[in-house]
> 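I am attaching a structure below and will ask some questions about it afterwards.
All chains are named by letter (A, B, ...) in the order of the sequence lines, taking the proteins before the strands, and each is independently numbered beginning at 1. Atom set for the values below is all heavy atoms of this structure, side chains included, hydrogens, waters and symmetry mates excluded. It should be emphasised that the depicted structure is a prediction, and the values quoted were computed from it without experimental measurement.
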Amino acid sequence: MERYDASQIEAKWQEAWREAGCFVAKPDPDKPKYYVLEMFPYPSGNLHIGHVRNYAMGDVVARYKLSTGHAVLHPMGWDAFGLPAENAAMERQVHPGAWTYANIDNMKAQFDKLGLTLDWSREFATCDPEYYGQQQAMFIDFLEKGLVYRKNAVVNWDPVDMTVLANEQVEDGKGWRSGAPVERRELTQWFFRISDYSEELLSALDRLDNWPEKVRSMQRNWIGKSRGLQFSFSVVDGPAGYDRVEVYTTRPDTLMGASFVGISPDHPLAKTLEAGNSDLAAFNAECRKMGTSEEELEKAEKRGFDTGLRVRHPLDTAWELPVYVANFILMDYGTGAIFGCPAHDPRDLEFARKFGLPVQSTFEPLSGEHHSPEEGGEAYVPAKTETVRYISGFAGKSEQTGDEGIDSAISFCEQNGIGHGVTKFRLRDWGISRQRYWGCPIPVVHCDACGVVPEKKENLPVRLPEDVSFDRPGNPLDRHDAWRNVPCPSCGQPARRETDTMDTFVDSSWYYARFTSPGASTPTNPDEAAYWMNVDQYIGGVEHAILHLLYSRFFARAMNEAGHLPDTAREPFDALFTQGMVTHEIYMTRDDTGRPVYHFPSDVTDGKLADGTEVEIIPSAKMSKSKKNVVDPMEIITRFGADTARWFVLSDSPPERDVEWTDAGAEAASKHLARVWRVAQAAKDAPEAGQGDEDLLREMHRAIRDVTLAVESFGFNAAIARLYALTNTLAKSMAGRAAQVEAARTLAQLMSPMTPHLSEEIWAALGGEGLIATAPWPVADEAMLVDSQITLPIQINGKRRDEIKVPRDMAKDEIEALALATPAVQKALDGGTPKKVIVVPGRIVNVVV
RNA sequence: GCGGACGUGAUGGAAUGGUAGACAUAGGGGACUUAAACUCCCCAGGGCAUAGCCCGUGCGGGUUCGAGUCCCGCCGUCCGCACCA
């Protein structure tokens with residue numbers, strides 16, 4: 001029997017699919033449409049094994065939907081703008097574009113080897129001028145709709161590289177590339193009005209039933225809705241324009257416990273006071289230098305500066321409170337000012353104790369020991385749903401929950417003209433300006449006469465200039481005079497192009513929509529978008545739970561309002577699946593100084609190095625080049641073939657969990673596929689007549705049912721387990737040729753979403769018609785799913801003790817009689833009568849003695 | 001601190017409230033072979049007085065004829081967020 005040679009066979013079928021064009025998406029009025037999308041990759045140059053798992057999952061879905069009669073859209077492209085290309089340009093003097101497109105070529109060749117159902121006719125990269133030109137057109141539309149605006153914002157500024165850094169690019173307060181201390185600098189930046197959609201983005205989450213709860217709760221958290229009271233303190237003899245200080249609180253019920261007012265160092269009042277107070281100016285400057293990393297915040301002590309100003313308590317104007325500038329108050333949340341209630345807030349308590357400010361409880365627990373904060377205890381912060389006793393309440397009952405107290409306090413303040421209830425969100429507008437070259441140019445021109453003027457649409461795309469150099473830090477666009485100096489689109493006078501480019505998250509916020517009509521001369525084609533949207537199944541890593549997915553949800557709404565997406569596509573992803581990582585053991589020893597030394601798997605045998613040194617094995621670790629535990633998918637494909645790689649990454653673990661790559665497992669997968677091939681060949685050579693035809697076909701139909709169900713519910717590991725079982729049954733079957741061939745062909749079909757090449761080969765060898773890729777999915781014959789005889793377990797007091805074989809439709813009392821007659825039950829009864837007998841037809845019998 | 005997920009053999013993991021451990025990995029034994037590789041067959045939760053019995057899904061309770069699954073309370077692990085007023 002010929003051996004199964006993956007390398008030849010896989011290339012052959014990939015060519016056959018290409019020729020048949022069976023993965024080119026075509027709208028078809030006679031079929032339901034299905035849009036399956038995996039998050040497109042950054043073109044780093046190489047696929048990693050995590051990509052293989054991600055795309056294998058999408059491919060299972062796509063192939064299954066194809067064979068169940070759907071018009072399938074399964075596109076792929078490249079998230080191609082971004083920093084690595086500029087770094088490569090600096091390091092090896094290549095143009096970012098050249099580097100990126102070379103990487104794309106390389107990765108596409110790797111994609112081809114995986115045998116995916118991708119429709120490459122729709123491919124694009126976000127750095128294609130055709131793509132980013134449409135993005136610029138949308139930017140201009142958004143500008144007209146008021147969805148984009150410019151404002152001053154505090155950003156992380158790297159003074160050496162001369163660019164803004166994202167928070168995650170700042171490590172220990174230093175730029176990740178330059179190592180220079182990052183400054184907080186105020187710059188004029190472009191912002192998308194995502195916060196206008198806070199309420200909608202939040203409430204719509206409730207309807208995203210096919211999204212992981214984890215992602216929804218992360219987004220809820222991020223949007224951060226809170227309800228509270230906004231009111232103002234009147235300032236005693238304040239500077240001009242500052243007769244009131246506006247504060248926001250979610251605990252207005254603790255207003256009687258106020259002991260000071262705190263404002264942010266960035267608060268306008270703080271800045272005004274700086275002018276006449278150099279000590280305060282120094283204090284503020286120091287606060288602004290402070291980093292924002294978690295570690296620093298943890299360590300940073302509560303610091304404050306007494307401004308000397310005093311404000312009047314709104315409930316008792318004779319009561320005056322001091323105003324402090326405090327380092328722990330954020331300017332961009334609420335109003336940048338708070339009232340401090342030390343008794344019910346740990347931060348305020350720490351602050352009050354440091355500055356000798358009064359501590360006054362407003363409520364206490366109903367019962368139990370209570371070490372009050374006045375007497376040195378901790379701040380008392382019960383859940384808002386807990387009922388407490390109000391000591392110095394000014395609204396509502398004396399015994400009520402925090403929530404009730406808050407409601408009462410808000411309505412009391414509203415009635416007395418003190419303040420009003422407001423809803424606030426943590427979500428802030430999305431700053432998209434980047435001082436980078438390799439991104440989408442923001443299509444506006446700055447004119448001394450006309451101000452900020454959008455580029456004319458007929459002049460789009462505003463292309464990135466090719467003749468740039470990266471030998472100096474900073475943005476090459478800034479110093480490219482020929483590119484920068486252009487006439488004003490409005491008045492024609494000399495003006496300057498905006499040199500900031502867009503955050504690369506903008507590029508990935510609408511690519512799913514562009515895939516519906518990648519060649520259109522407008523951002524989308526309305527008919528195509530209406531036909532293909534929404535994405536029926538989106539698949540990607542959970543690391544994008546907030547940024548990319550939230551931005552995309554905002555963008556779909558903005559595009560809808562600008563007329564680029566239909567109303568039905570405001571929420572773009574009907575279902576989301578977040579797959580787990582592929583992990584691999586790390587092999588580690590330590591050098592003389594105790595520092596870890598890592599070893600490649602190929603250097604380790606039976607837990608030892610060649611010289612016999614025992615290595616420490618760290619299981620289930622994220623792959624990382626420096627830890628030497630990376631598995632290269634191309635090596636795996638060369639060794640075993642794409643089917644093996646696909647089969648393995650889908651087996652063993654549920655798709656949402658991590659799966660550990662093991663060499664033994666990959667080898668075993670490869671052996672199994674070779675076995676399937678042999679079993680299928682043997683089926684063809686089985687004798688005409690045999691025994692157990694019906695048993696085999698029954699098992700086959702049960703497998704159809706189980707695998708179909710598993711694939712539909714993302715239970716790929718369960719589907720694979722079931723397919724192992726069917727293979728075992730077929731291998732052992734003595735059935736006649738016809739039955740064996742039918743079972744083998746069905747096995748190939750059921751496997752085809754995971755192992756498409758092997759399945760085609762078996763299909764062809766066993767006389768299947770056409771391509772298995774386009775053959776209709778097998779349907780389980782209901783009649784074959786029910787056995788005439790079934791085995792019923794007999795439990796005694798809930799423990800399995802025996803079993804009986806009975807006809808499927810036997811009457812309850814007959815089953816009961818049979819069960820009672822079994823030796824086990826007879827023995828347990830010991831001549832007595834059972835207390836109770838439960839017969840669940842088709843399931844189980846339980847005898848209580 | 002807040003939010004979420006999870007806890008089952010040596011390991012990854014199966015089990016609409018109904019036979020716990022499917023399927024696989026690693027392991028052990030055997031067949032084939034001069035030998036090995038390939039392949040095939042068998043064993044395998046723990047314990048014991050081994051035709052059988054007892055125990056067993058993180059711990060403690062509860063509901064039920066019956067709980068890995070449902071409820072209550074703990075313990076632990078992982079992930080996300082957080083000076084957010």
> Look at all strands and tell whether A:R216 reaches a base, only sugar-phosphate, or nothing, counting heavy atoms closer than 4.0 Å.
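It contacts nothing in the nucleic acid.
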> Which nucleotide in the set B:G12, B:C23, B:G80 lies at the smallest distance from any side-chain heavy atom of A:D652?
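So the side chain of A:D652 is nearest to B:G12.
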> Between A:E378 and A:Y380, does any side-chain donor sit less than 3.5 Å from a side-chain acceptor?
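Judged by distance alone, the side chains do not pair up.
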> Would you please confirm or rule out a distance under 4.0 Å between OP1 or OP2 of B:A14 and any side-chain N or O of A:N717?
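Affirmative; the distance criterion is met.
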> Looking at every strand, decide which applies to A:K732 at a 4.0 Å heavy-atom threshold: base, sugar-phosphate, or nothing.
sugar-phosphate
> Please pick, from B:A85, B:A14, B:G12, the nucleotide with the shortest atom-to-atom distance to any side-chain atom of A:P654.
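Nearest listed nucleotide: B:A14.
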> Looking only at side-chain atoms of A:A664, point me to the closest of B:G12, B:U25, B:C23.
B:U25
> Between the base of B:U19 and the side chain of A:R843, is there a donor-acceptor distance below 3.5 Å?
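Side chain to base: no pair below 3.5 Å.
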> Ignoring the backbone of A:R426, work out which of B:G13, B:G4, B:C81 is nearest its side chain.
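Selected nucleotide (nearest to the side chain): B:C81.
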> Does B:A35 have a Watson-Crick or wobble mate here (both distances under 3.5 Å), and if so which one?
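Answer to the pairing question: none, since B:A35 forms no Watson-Crick or G-U pair.
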> Looking at every strand, decide which applies to A:I329 at a 4.0 Å heavy-atom threshold: base, sugar-phosphate, or nothing.
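Touches a base.
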> For the side chain of A:M218, starting at C-beta, report the closest nucleotide among B:C84, B:G80, B:G12.
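Side chain of A:M218 sits closest to B:G80.
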> Of all the nucleotides listed (B:U16, B:U39, B:G4), which has the minimum atom distance to the side chain of A:R678?
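When the side chain of A:R678 is considered, B:U39 is the closest of B:U16, B:U39, B:G4.
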> Check whether any side-chain heavy atom of A:I263 sits under 4.5 Å from a side-chain heavy atom of A:I329, and report yes or no.
no
> If you check the A:L330 side chain, which of B:C41, B:C65, B:A85 turns out closest?
B:A85
> In the structure shown, which nucleotide is the Watson-Crick or G-U wobble counterpart of B:G60, with both distances under 3.5 Å?
B:C72
> Establish, yes or no, whether a centroid distance under 6.0 Å links the rings of A:Y324 and A:F355.
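Yes; A:F355 has its ring centre under 6.0 Å from that of A:Y324.
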> Would you check if there is a donor-acceptor pair between the side chains of A:R675 and A:N728 at a distance under 3.5 Å?
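Their side chains do contain a donor-acceptor pair, which is all the 3.5 Å distance test asks for.
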> State which of B:G18, B:A26, B:A85 makes the closest approach to the side chain of A:Y333.
B:A85
> Please report, rounded to the nearest Å, how far the P atom of B:C6 is from the CD atom of A:E213.
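Value for this atom pair: 11 Å.
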> Have a look at B:G80 and give me syn or anti from its glycosidic angle (syn if within 90° of zero).
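With its glycosidic angle more than 90° from zero, B:G80 counts as anti.
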> To the nearest Å, give me how far apart CZ (A:R347) and C1' (B:C83) are.
5 Å
> State yes or no: are the ring centers of A:F648 and A:W661 separated by less than 6.0 Å?
yes
> Look at the side chain of A:K671 and the base of B:C38, then say whether one donor and one acceptor between them are separated by less than 3.5 Å.
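Check fails, no donor-acceptor contact within cut-off.
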> What is the distance from CG of A:D663 to C1' of B:G12, rounded to the nearest Å?
16 Å
> What's the NZ-C1' distance between A:K384 and B:A85, to the nearest Å?
10 Å
> In whole Å, what is the span from the CD1 atom of A:I794 to the P atom of B:G66?
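Rounding to the nearest Å, CD1 of A:I794 and P of B:G66 are 17 Å apart.
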> Go nucleotide by nucleotide along RNA chain B from the 5' end; which of A:V845 and A:D658 gets its closest nucleotide reached first?
A:D658
> Looking at B:G21, which nucleotide sits across from it as a Watson-Crick or G-U wobble partner, both distances under 3.5 angstrom, or is there none?
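Partner of B:G21: none found under 3.5 Å.
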> Using only side-chain N and O atoms of A:R657, determine if any of them is under 4.0 Å from OP1 or OP2 of B:G13.
yes
> Look at the side chain of A:K302 and decide which nucleotide, out of B:C83, B:A24, B:G13, has an atom nearest to it.
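Between B:C83, B:A24, B:G13, the one nearest the side chain of A:K302 would be B:C83.
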> Just checking A:S651: base, sugar-phosphate only, or nothing, at a heavy-atom cut-off of under 4.0 Å?
nothing
> Quote, to the nearest angstrom, the C1' distance that separates B:G9 from B:G47.
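Taking atom C1' in both B:G9 and B:G47, they lie 15 Å apart.
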> Are the side chains of A:V676 and A:M751 in contact, using a 4.5 Å heavy-atom criterion?
yes
> Quick one: closest heavy-atom pair of A:I410 and A:G421, and the distance?
CG2-CA, 3.6 Å
> Tell which nucleotide pairs with B:C83, taking only Watson-Crick or G-U wobble pairs whose two distances are both under 3.5 angstrom.
none
> Less than 4.0 angstrom between a side-chain N/O of A:N846 and OP1 or OP2 of B:U64, yes or no?
no
> How close or far is atom P of B:C84 from atom CZ of A:F425, stated in whole angstroms?
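That distance rounds to 18 Å.
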> With C1' as the reference atom in both, quote the distance from B:G28 to B:C78 in angstrom, rounded to an integer.
35 Å
> Ignoring backbone atoms, test whether A:K835 places a side-chain nitrogen or oxygen under 4.0 Å from the OP1 or OP2 oxygen of B:C65.
no
> Taking any heavy-atom pair under 4.0 Å as a contact, classify A:V840: base, sugar-phosphate, or nothing.
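Answer is base: heavy atoms of A:V840 come under 4.0 Å of a base.
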> Using atom CG of A:L673 as one end and atom P of B:A24 as the other, report the distance to the nearest whole Å.
13 Å
> Look at A:R801 and B:U19 and indicate whether a side-chain polar atom (N or O) is within less than 4.0 Å of OP1 or OP2.
no
> Check every strand shown and say whether A:D345 touches a base, only sugar-phosphate, or nothing at a heavy-atom separation below 4.0 Å.
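Nothing, no nucleic acid heavy atom in range.
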> Within this structure, what is the NZ-to-P distance between A:K424 and B:C84, rounded to whole angstrom?
16 Å
> If pairing requires Watson-Crick or G-U wobble contacts with both distances under 3.5 Å, which nucleotide is the partner of B:A5?
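Pairing partner, where one exists within any strand: B:U77.
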> Mind checking whether A:P619 and A:E660 have side chains closer than 4.5 Å, heavy atoms only?
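Of all side-chain heavy-atom pairs linking A:E660 with A:P619, at least one is under 4.5 Å.
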> Of the listed nucleotides (B:G3, B:C65, B:A85), which one gets closest to any side-chain atom of A:K836?
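Ranking B:G3, B:C65, B:A85 by closest atom to the A:K836 side chain puts B:C65 first.
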> Report the base-pairing partner of B:U50 (Watson-Crick or G-U wobble, both distances below 3.5 angstrom), or none.
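None - no nucleotide pairs with B:U50, as no candidate has both distances under 3.5 Å.
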